[in-house]
K.L.:
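Take a look at this one; I'll ask things after.
Throughout, numbering of the chain's residues begins at 1 and tracks the sequence. Both counts, for ligands and for their atoms, begin at 1 and track the order of listing.
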Amino acid sequence: MADEKLTMETLVALCKSRGLIYPGSEIYGGMANSWDYGPLGVILKNNIKQAWWKMFVQERLDMVGLDAALIMNPKVWQASGHLATFTDPLVECKNCHERYRADEIDLTAACAKCGTKDSLTEPASFNLMFKTFVGPKEEAESVAYLRPETAQAIFVDWPLVMNSARRRVPFGVAQIGKAFRNEITPGNFIFRTREFEQMEIEYFVKPDAWEAAFEDWLKRLHEWVEFCGLDSEKVYDLEVPPEELAHYSKRTVDIEFDFPFGRKELYGLAYRTDFDLRSHMEASGKDLRFTDPQTGEKYLPHVIEPSLGVDRTFLAMLVSAYTVEEARTADGETEPRVVMKFPKALAPIKVAILPLSKKDELTSVAKPLAERLAKKWSVDYDETQSIGKRYRRQDEIGTPYCVTVDFDSLNDQAVTVRDRDSMEQERVNLAELEEYLSAKF
Ligand code: ATP
């Protein structure tokens with residue numbers, strides 16, 4: 001049972017103490033809303049990205065990948081509409097100068113920070129793109145933007161991808177990478193930050209095939225949600241009402257998740273029509289149409305876009321995996337056991353090797369064993385403190401299997417394997433251990 005009372009404080013503290021996520025720049029007093037993925041966090045994040053790539057690119061013959069530059073020609077953002085419309089409404093308190101997103105607060109209420117009434121300015125459009133200068137001169141001609149989404153590079157590179165990959169519509173292009181948004185109100189840990197990672201797909205279809213493709217991608221997204229072990233009772237589809245659709249979208253379904261701070265967007269699935277290809281064709285003067293090799297028909301494909309945040313996936317996985325159980329201690333008492341029940345295939349550490357004592361006889365078996373298994377999986381080797389404490393540490397980071405090397409191992413050439421979820425222990429021959437574990441993932 002997932003713990004109903006899980007708070008963000010608990011989660012943030014666990015992530016810090018176990019090396020999943022740290023506050024950024026901490027020795028300098030931190031940097032608001034910046035977070036660093038620690039030794040285990042980087043593994044979990046990579047596991048998420050690799051699994052997504054496998055599921056949506058490697059295993060599908062109608063998908064290819066891309067890894068484009070983060071800083072693109074600024075004309076891209078002009079054509080895509082981001083310069084004109086990628087804005088949030090900003091209000092500021094005239095007294096304390098605190099800033100808010102106008103659509104997130106009651107504009108008739110007093111300022112939440114200083115309590116002054118009638119102090120908020122009229123909403124003004126605030127562009128979320130980070131502006132910078134390319135090269136040594138800070139002048140208008142060298143203005144550039146950090147990309148606010150990965151999607152546009154896929155549209156801009158579309159003719160190159162189409163010709164070099166020799167794919168025919170319907171097919172899709174996937175990309176994983178950083179995106180930057182100067183959010184007015186970042187917060188809630190890694191839910192809303194100013195730099196984050198996206199996993200995006202632009203799936204190109206014949207214009208009349210968009211509805212079927214949309215339904216299919218919605219199904220695929222839910223398969224992914226299940227694969228990540230997200231608590232199905234916390235996942236909802238929201239059909240975005242027409243008046244709230246982004247400028248490029250004719251239909252959007254947000255997949256929402258019940259985070260400890262409320263129900264919020266986890267992923268978006270949008271029907272972008274041919275808006276982007278058409279805009280880039282007009283702005284660049286290049287023909288971006290697809291020619292059907294059978295009929296010779298030329299047309300601009302329409303696009304279905306599943307857009308996923310890596311960091312929000314990570315957070316929803318933490319919330320879903322966090323479990324507190326009553327466990328029996330060696331002296332017969334019970335105490336709470338915190339277990340991160342990540343899907344085994346995604347857990348940051350797959351196997352922990354724990355020699356029962358620090359004596360050479362045991363470590364001389366355990367360490368080479370850890371090195372051998374590390375060629376296949378992420379392995380932790382831990383010989384400090386009591387075995388109970390070590391099990392607890394591994395439970396808190398969600399390690400599916402702990403392998404204990406004890407003095408009997410020296411005689412029977414076997415080790416004890418403990419299962420994270422059932423806590424059952426099984427004696428396994430050393431010679432069969434790799435095969436035994438391989439069958440589990
Ligand atoms: P929100 O309404 O929460 O601001 P959005 O609708 O602007 O999100 P999209 O533009 O659809 O988000 O971006 C696609 C995905 O990228 C989101 O579903 C989310 O997973 C992720 N994402 C967007 N903005 C952020 C952010 N500031 N921090 C972390 N992840 C983000």
K.L.:
Using a 4.0 Å heavy-atom cut-off, say whether R194 meets ligand 1 through its side chain, its backbone, both or neither.
P.N.:
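Under 4.0 Å from ligand 1, R194 contributes no heavy atoms.
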K.L.:
Counting heavy atoms not belonging to R168, are there more than 12 under 6.0 Å from its CZ?
P.N.:
no
K.L.:
Any chance you could lay out the salt bridge (Lys or Arg N to Asp or Glu O under 4.0 Å) test for D88 and R101, step after step, and finish with the verdict?
P.N.:
CA-CA 7 Å; D88 274 340; R101 250 174 77 170; 3.5 Å; yes
K.L.:
Which of the listed options, R181, R312, E183, Q198, holds the heavy atom that is closest to atom 10 (O) of ligand 1?
P.N.:
R181
K.L.:
Return yes when atom CD of E424 has more than 12 non-hydrogen atoms of other residues, nucleotides or ligands closer than 6.0 Å, and no otherwise.
P.N.:
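It does not: E424 CD has 12 such atoms or fewer within range.
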K.L.:
Are there more than 12 heavy atoms of other residues, nucleotides or ligands under 6.0 Å from atom NZ of K75?
P.N.:
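No, because the 6.0 Å sphere around NZ of K75 holds 12 heavy atoms or fewer from other groups.
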K.L.:
Is the shortest distance from a heavy atom of L266 to ligand 1 less than 4.0 Å?
P.N.:
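The answer is yes, since L266 has a heavy atom less than 4.0 Å from ligand 1.
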K.L.:
Which of the atoms of ligand 1 are close to G309, meaning less than 4.0 Å from one of its heavy atoms?
P.N.:
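This gives 20 (O), 21 (C) as the contact atoms.
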K.L.:
Quick check on K286: does its NZ atom have over 12 non-hydrogen neighbours (other residues, nucleotides or ligands) under 6.0 Å away?
P.N.:
no
K.L.:
What are the atoms of ligand 1, with element, lying closer than 4.0 Å to any heavy atom of G268?
P.N.:
18 (O)
K.L.:
Should you measure from each heavy atom of Y267, which atoms of ligand 1 turn up under 4.0 Å away?
P.N.:
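With Y267 as reference, the close atoms of ligand 1 come out as 18 (O).
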K.L.:
Does R101, backbone or side chain, put an N or O under 3.5 Å from an N or O of ligand 1?
P.N.:
no
K.L.:
For atom 24 (N) of ligand 1, which candidate among F196, F86, F257 holds the nearest heavy atom?
P.N.:
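Residue with the shortest heavy-atom distance to the ligand atom: F196.
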K.L.:
Counting only heavy atoms not in K16, do more than 12 fall under 6.0 Å of its NZ?
P.N.:
no
K.L.:
Hey, is ligand 1 close enough to L308 that some N/O pair sits below 3.5 Å?
P.N.:
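There is no such contact.
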K.L.:
Among all protein heavy atoms, pick the one closest to atom 6 (O) of ligand 1 and tell me residue, atom and distance.
P.N.:
E265 OE1, 3.0 Å
K.L.:
Considering both backbone and side-chain atoms of F191, is one of its nitrogen or oxygen atoms within less than 3.5 Å of a nitrogen or oxygen in ligand 1?
P.N.:
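N/O-N/O distance below 3.5 Å exists for this pair.
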K.L.:
Is it true that atom CD of E104 has more than 12 heavy atoms of other residues, nucleotides or ligands lying nearer than 6.0 Å?
P.N.:
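Yes, enclosed.
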K.L.:
Does ligand 1 have a heavy atom under 4.0 Å from the side chain of T193, from its backbone, from both, or from neither?
P.N.:
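Both backbone and side chain.
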K.L.:
Counting only heavy atoms not in L160, do more than 12 fall under 6.0 Å of its CG?
P.N.:
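Atom CG in L160 is crowded, with more than 12 foreign heavy atoms closer than 6.0 Å.
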K.L.:
Nearest protein heavy atom to atom 14 (C) of ligand 1, by residue and atom, and its distance?
P.N.:
S307 OG, 2.9 Å
K.L.:
Determine, step by step, whether F441 and K376 satisfy the side-chain contact (heavy atoms from CB on, under 4.5 Å) criterion, reporting the C-alpha distance in whole Å, the side-chain angles of both residues, the deciding distance to 0.1 Å, and the verdict.
P.N.:
CA-CA 11 Å; F441 299 117; K376 260 198 155 144; over 6 Å; no
K.L.:
If we set the cut-off at 4.0 Å for heavy atoms, which region of R192 has an atom near ligand 1: side chain, backbone, both, or neither?
P.N.:
both
